[in-house]
Amino acid sequence: MRRADRLLQIVQLLRRHRGPVTGDAMAEELEVSVRTLYRDIVSLQSTGVPIRGEAGVGYVLDEGYDLPPLMFNSDELEAVMMGLRHVQVRGDEQLIRTASDVIAKIAAVLSPEARDEFIEAPLYAPDVGVEPIPSARIELSDVRKAIRGQNKLRLIYEDAQGEMSERLIWPLSLTFFAQSRMIVAWCELRKDFRAFRTDRVTHMEVLEDRYRENRVTLRNRWWKLELARREKEAAEKAD
């Protein structure tokens, strides 16, 4: 790895962590000696990069510092394009258009060489043989806005048996599976986390009322419970 690339990677590594990162951990990830890592830190600090810390304790990057825009390496460009291609295949109509807009914006500001690498990235994740996702009966863009604003949603929901129910939910994420799209939420009726298929929501109303508990905290709690459930199911199958 060139030294200039390594210096960029150090900044990226520190941006990835909220707490101090030890020199040993950074050196191991970058595959350099700790002595080389310390020299690189000093070099970055001398150019004005606000890295705080010391050897043996750890380093942090002060908030507010940012790199010049779109300084992607080849691996990063391929990762971005792979994700965007997946959105173009499995996203809703607005997300598909948005993904195309993002590709155009990124390509417009890259160098000609980097642009070719980006557009021709050789990574794909096709859903071969998967049935088309059932169309949603609601505007998924409204769901995304509600998630960002932590607005509650009132749903009329039809379950797999055709039974209808009214739900008041706290939307946490919109999840795109191979065969369905799900709203992961806290359900006030069930007083528990639930996932609602968007093609079974017959009516949706975005309320001005907002839930107060942080959606990221709630989503992390749901994910821990989901992982525990999957581990339990795997263990039962193994038995």
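In this text, all values refer to a predicted model and were calculated from it rather than measured experimentally.
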Crowding at [atom1], [X] (>12 non-hydrogen neighbours, <6.0 Å):
X      : atom1 : result
Glu236 : CD    : yes
Arg210 : CZ    : no
Glu188 : CD    : yes
Glu31  : CD    : no

Report the residues that fulfil side chain to side chain contact (heavy atoms under 4.5 Å, CB included) with [X], sequence neighbours left out, ordered by chain and then residue number.
X      : result
Ser165 : Tyr157, Arg167
Arg137 : Glu158, Thr202
Arg230 : Trp223, Glu226
Gln88  : Arg85, Ala99, Ser100, Ile103

message: Going by the rule side chain to side chain donor-acceptor pair (under 3.5 Å), which residues pair with Asp116 if we only count those two or more places apart in sequence or in a different chain?
response: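 Counting only residues at least two positions away or on another chain, Asp116 forms no side chain to side chain donor-acceptor pair (under 3.5 Å).
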Measure from the side-chain N and O atoms of [X] to the backbone N and O of [Y], and report whether any donor-acceptor pair falls under 3.5 Å.
X      : Y      : value
Arg115 : Ala107 : yes
Arg219 : Leu172 : yes
His17  : Leu13  : yes
Gln150 : Arg215 : yes

Would you name the heavy atoms of [X] and [Y] that are closest together and state the gap between them?
X      : Y      : answer
Val57  : Thr22  : O-CG2, 4.1 Å
Met81  : Ile119 : CE-CA, 4.0 Å
Trp170 : Leu218 : CE3-CD1, 3.8 Å

Pairwise distance [atom1]([X]) to [atom2]([Y]) - rounded to 0.5 angstrom:
X      : Y      : atom1 : atom2 : value
Asp62  : Arg52  : CG    : CZ    : 4.5 Å
Ile183 : Thr175 : CD1   : OG1   : 9.5 Å
Leu153 : Asp209 : CG    : CG    : 11.0 Å
Ile51  : Leu44  : CD1   : CG    : 4.5 Å
Arg181 : Leu140 : CZ    : CG    : 6.0 Å
Arg15  : Ile10  : CZ    : CD1   : 14.0 Å

- request: May I have the step-by-step check of side chain to side chain contact (heavy atoms under 4.5 Å, CB included) for Met26 and Val34, ending in yes or no?
  value: CA-CA 8 Å; Met26 287 192 284; Val34 175; over 6 Å; no
query: When the ring planes of Trp186 and Phe193 are compared, do they come out parallel, tilted or perpendicular, using 30° and 60° as the limits?
result: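 It falls in the perpendicular class, over 60°.
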Carboxylate-amine/guanidinium proximity below 4.0 Å for [X] and [Y]:
X      : Y      : answer
Arg16  : Glu29  : yes
Arg194 : Asp192 : yes
Asp40  : Arg6   : yes

message: Can you list everything that forms a salt bridge (Lys or Arg N to Asp or Glu O under 4.0 Å) with Arg190? Sequence neighbours excluded, please.
response: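 Scan of Arg190 (salt bridge (Lys or Arg N to Asp or Glu O under 4.0 Å), adjacent residues dropped) gives none.
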field: Donor on one side chain, acceptor on other, Thr36 and Ser33, under 3.5 Å
entry: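 Note: Thr36 and Ser33 side chains meet the donor-acceptor criterion.
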